[in-house]
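Contents: one structure, followed by commentary.
Residue numbers run from 1 in the order of the sequence given.
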Amino acid sequence: MTAQTREDPAAASHRTPPVHTDPADVPLEAALIALADPVRQSLVRELAGAADWERNCGSFDVPVTKATLSRHFAVLRDAGLLEQRDAGAKRLNRLRRAEFDAQFPGLIDLVLRHEEASW
């Protein structure tokens, strides 16, 4: 282990840190597209019921491959709905509820009220 990795644990990560979009920069159409997919709706519901940074990417039970799940997380990040951070080998998630609600009041509430689709 180099001195740099001992001082900065993030430097030891082999992954590129996630890029986040501010919800204020998201057009309504992008937000609606992100929330239109049943898998992404399920992810939002599960994150809404969890504490910030409690859920890692591998803890979601959805009927998609790991690569497809990663793409769903990217769409949610790009729409300003999701914030992620790396903690060792895990990537933790936080629903950006307050920030997203400020830009699109009531939109997350609609998703939470909508009955989960059966796959």
Practice problem: Kindly compute the distance separating CD (Gln41) from CG (Leu43), expressed to the nearest 0.5 Å. | Solution: 10.0 Å
With the 4.5 Å side-chain cut-off for hydrophobic clustering, are [X] and [Y] part of the same group?
X     : Y     : answer
Val19 : Leu82 : no
Val44 : Val75 : no
Leu47 : Val39 : yes
Leu92 : Leu95 : no
Leu69 : Ile33 : no

Quiz item: At their closest point, which heavy atom of Asp86 faces which heavy atom of Arg91, and how far apart are they?
Solution: OD1-NE, 2.6 Å
Quiz item: Residues in salt bridge (charged side-chain N to carboxylate O under 4.0 Å, His left out) with Glu99, at least two apart?
Solution: Arg94, Arg96
Quiz item: Among all residues two or more places apart in sequence or in another chain, which pass the salt bridge (charged side-chain N to carboxylate O under 4.0 Å, His left out) test with Arg77?
Solution: none
Within the structure provided, determine whether [X] and [Y] are in side-chain contact (heavy-atom separation under 4.5 Å).
X     : Y      : result
Leu81 : Leu35  : yes
Arg97 : Leu112 : yes
Cys57 : Gln84  : yes
Trp53 : Asn93  : no

Practice problem: Report the C-alpha distance between Phe104 and Val26 in whole Å, list the side-chain angles of each, state the deciding distance to 0.1 Å, and finish with yes or no for side-chain contact (heavy atoms from CB on, under 4.5 Å). | Solution: CA-CA 10 Å; Phe104 304 107; Val26 175; 4.3 Å; yes
Exercise. State whether the side chain of Ser70 and the backbone N or O of Lys66 hold a donor-acceptor pair below 3.5 Å, judged by distance alone.
Key: yes
